[in-house]
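Below is one structure, written out as structure tokens; the observations come after it.
Sequential numbering from 1 along the given sequence is applied to the chain's residues.
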Amino acid sequence: MSALVRLEVEAGIGTIRIDRPPMNALNAEIQHAFVEVCREAAERADIAAVVVYGGEKVFAAGADVKEMATMSYTDMVEHSALLQDFTRALARIPKPTVAAVTGYALGGGCEVALACDWRVCADDARLGQPEILLGIIPGAGGTQRLARLVGPARAKDIVFSGRFVDAQEALAIGLVDRVVPAADVYTAAREMVARYVGGPRFAIRAAKEAIDRGLEVDLETGLEIERQLFAGLFATKDQESGMRSFVERGPGKATFEGA
């Protein structure tokens, strides 16, 4: 495990911390380590939700251009798989995830944020996909997740121009979900997911899978995915206790085991 990425756990919330000052450039070492910490966060029963954080000054200013500049086509054929694997590992964590964005989330940094369920950003933050200015395109999911999030026209504007998007515009177009003062970003991100600690973890997992997988298929296939996941939850203790509590005491009073 790399010292540049670490997983910290407190009160049921795991924080994936990127720590490569000054700009948290996402080199291959970070990408490999990111895959490992995402898998750990996915598997640990003491983690109900995940915050991704780059620190008080910057989220991540992109992939390490110096590392990539001398790569050949054959080098990049192999490396591009890692580029997608590390954001895919984050997207596949079967728990609520939120990016706590300070400073810059550019290129690969923006793609990390896009792989989360939500994004909380500082009021002075800047997000973007400036790869076009290097003569390339986003390669860690940016062309796909950005278009699904803000629509193809806005995604093309951001990707074709390489421009930076400020916090208020990002909020207006749905690129981020909440804007707060820079000093409050991490706290606000934790607050957003704290409600899921102690919740019915298999139901939350099923809900995330149904939504994410359903977006990739036609409606009929999506409905079948939902049906199967819905039925499967009737094998859980949380379904039994949740419905029993509702019948006996009314809504919102159930205590869940996460089983």
Trace of the salt bridge (Lys or Arg N to Asp or Glu O under 4.0 Å) decision for Arg39 with Glu36:
CA-CA 5 Å; Arg39 288 174 179 167; Glu36 295 304 315; 3.5 Å; yes
Show which residues join Leu233 in its hydrophobic cluster (side-chain heavy-atom contacts under 4.5 Å, direct or indirect), or state none.
Phe202
Thr102 (side chain) donor-acceptor with Gly55 (main chain) under 3.5 angstrom
yes
Output for pair (Lys95 NZ, Ile47 CD1), nearest 0.5 Å, gives 5.5 Å
Is the side chain of Arg20 donor-acceptor paired with the backbone N or O of Leu26 at a distance under 3.5 Å, no angle test?
no
If a pair satisfies side chain to side chain donor-acceptor pair (under 3.5 Å) and one of its residues is in residues 105-115, list it, with sequence neighbours excluded.
none
Look at the side chain of Asp177 and the backbone N and O of Val120, then say whether any donor-acceptor pair between them is shorter than 3.5 Å.
no
Backbone of Val98 reached by a side-chain donor or acceptor of Asp117 within 3.5 Å
no
Any sub-3.5 Å donor-acceptor pair from Asn24's side-chain atoms to Val58's backbone N or O?
yes
Evaluate Glu169 against Arg163 for side chain to side chain contact (heavy atoms under 4.5 Å, CB included), listing each step before the verdict.
CA-CA 12 Å; Glu169 181 186 358; Arg163 68 183 181 88; 2.7 Å; yes
Reported CD1-to-CD distance for the pair Ile158 and Gln129, which is rounded to 0.5 angstrom:
8.0 Å
When you look at Glu224 and Arg227, which way does the salt bridge (Lys or Arg N to Asp or Glu O under 4.0 Å) test go after all the steps?
CA-CA 5 Å; Glu224 179 60 17; Arg227 185 190 69 78; 2.7 Å; yes
Go through the steps to decide whether Arg154 and Asp157 satisfy the test salt bridge (Lys or Arg N to Asp or Glu O under 4.0 Å), and finish with yes or no.
CA-CA 5 Å; Arg154 289 193 176 104; Asp157 167 46; over 6 Å; no
Could you walk me through whether Glu40 and Arg44 satisfy the salt bridge (Lys or Arg N to Asp or Glu O under 4.0 Å) test, starting with their C-alpha distance in whole Å, then the side-chain angles of each, then the deciding distance to 0.1 Å, before giving a yes or no?
CA-CA 6 Å; Glu40 182 181 349; Arg44 286 181 57 166; 3.0 Å; yes
In terms of ring plane angle, is the pair Phe86 and Phe34 parallel, tilted or perpendicular, where the classes change at 30° and 60°?
perpendicular
Heavy-atom check, side chain of Thr97 versus side chain of Val52, under 4.5 Å:
no
